[in-house]
Amino acid sequence: MEVLFRWAKALMRTRPIYHSSDEAIRGHVFCSFLPLLLQKELADLCAAKGFSVEWGDLLRDLDRLQEAMIEKDGKRITTRTHLKGQVGSVFQAAGVALPQNIREQAA
């Protein structure tokens with residue numbers, strides 16, 4: 001169990017946190033294991049689609065995914081960066097549809 005805690009802390013880059021109540025400890029443990037559960041579920045979804053994910057690379061590529069909105073002359077244009085690495089495949093495996101790169105609508 002201790003190895004799992006160390007791995008989770010390293011993955012999420014957390015520092016020691018000192019709690020003053022049992023409820024805070026339970027909340028911290030829940031919040032520590034939730035990302036691990038979600039990571040496992042996402043890994044299973046990706047494996048079902050026939051690929052595995054390198055989590056460090058995926059996190060870096062997700063950090064690069066950005067969206068910007070511009071309003072001009074009564075129009076709103078929204079654009080997002082192009083997908084890098086496995087981001088598109090991971091979103092597809094999770095059943096999440098990404099919006100088009102450029103979208104235009106009335107402001």
Side-chain angles (χ1 to χ4, degrees):
M1 189 62 108
E2 183 64 29
V3 172
L4 188 58
F5 270 115
R6 282 191 197 140
W7 182 74
K9 286 180 181 183
L11 179 68
M12 297 179 283
R13 298 183 192 109
T14 59
R15 299 187 316 253
I17 298 173
Y18 301 99
H19 302 290
S20 58
S21 69
D22 288 346
E23 292 82 13
I25 293 169
R26 281 192 288 276
H28 184 116
V29 169
F30 174 79
C31 290
S32 295
F33 278 101
L34 183 60
L36 296 175
L37 177 68
L38 294 173
Q39 181 182 12
K40 171 74 168 97
E41 181 65 22
L42 188 56
D44 290 348
L45 289 170
C46 292
K49 295 290 185 177
F51 67 97
S52 63
V53 178
E54 171 52 49
W55 297 106
D57 293 341
L58 179 63
L59 291 175
R60 189 173 33 261
D61 292 338
L62 283 169
D63 280 343
R64 294 180 181 137
L65 186 60
Q66 297 180 12
E67 186 174 84
M69 182 178 28
I70 303 164
E71 287 190 35
K72 182 172 173 146
D73 299 330
K75 292 184 182 178
R76 178 181 299 145
I77 299 171
T78 306
T79 183
R80 69 164 169 79
T81 55
H82 292 281
L83 303 177
K84 301 285 184 183
Q86 293 183 315
V87 171
S89 300
V90 170
F91 272 79
Q92 218 173 22
V96 176
L98 285 168
Q100 296 176 340
N101 282 10
I102 298 176
R103 302 176 308 279
E104 187 176 319
Q105 59 192 38

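When the shell of 6.0 Å around CG of Leu34 is examined, it contains more than 12 heavy atoms from other residues, nucleotides or ligands.
Between the CD atom of Gln100 and the OG1 atom of Thr79 there is a distance of 11.0 Å, given to the nearest 0.5 Å. Remark: Phe33 CZ to Gln39 CD distance equals 12.5 Å, nearest 0.5 Å. The CD atom of Gln86 sits 8.5 Å away from atom CD of Glu54, with the distance rounded to the nearest 0.5 Å. Distance check: Asn101 CG to Leu83 CG gives 7.0 Å after rounding to the nearest 0.5 Å. Atoms OG and CG, on Ser32 and Leu37 in that order, are 13.0 Å from each other to the nearest 0.5 Å.
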May I have the list of side-chain donor-acceptor pairs in residues 62-69 shorter than 3.5 Å, sequence neighbours left out?
{"unit_1": "Arg64", "atom_1": "NH1", "unit_2": "Asp61", "atom_2": "OD1", "d": "3.2"}
{"unit_1": "Glu67", "atom_1": "OE2", "unit_2": "Arg103", "atom_2": "NH2", "d": "2.8"}

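Across Ala93 and Lys49, no two heavy atoms sit closer than the pair CB-CG, 3.8 Å. Residues Val90 and Cys46 come closest through the heavy atom pair CG2-SG, 4.0 Å.
Cluster annotation: Trp55 and Phe51 are assigned to the same hydrophobic cluster (Ile/Leu/Val/Met/Phe/Trp/Tyr, side-chain heavy-atom contacts under 4.5 Å, transitive).
With sequence neighbours excluded, no residue forms a salt bridge (Lys or Arg N to Asp or Glu O under 4.0 Å) with Glu41.
Residues Val53 and Leu42 have side chains not in contact (no heavy-atom distance under 4.5 Å, counting atoms from C-beta outward). Counting heavy atoms from C-beta on, the side chains of Leu58 and Val87 come closer than 4.5 Å. At a threshold of 4.5 Å between non-hydrogen side-chain atoms, the residues Val29 and Arg26 do not count as touching.
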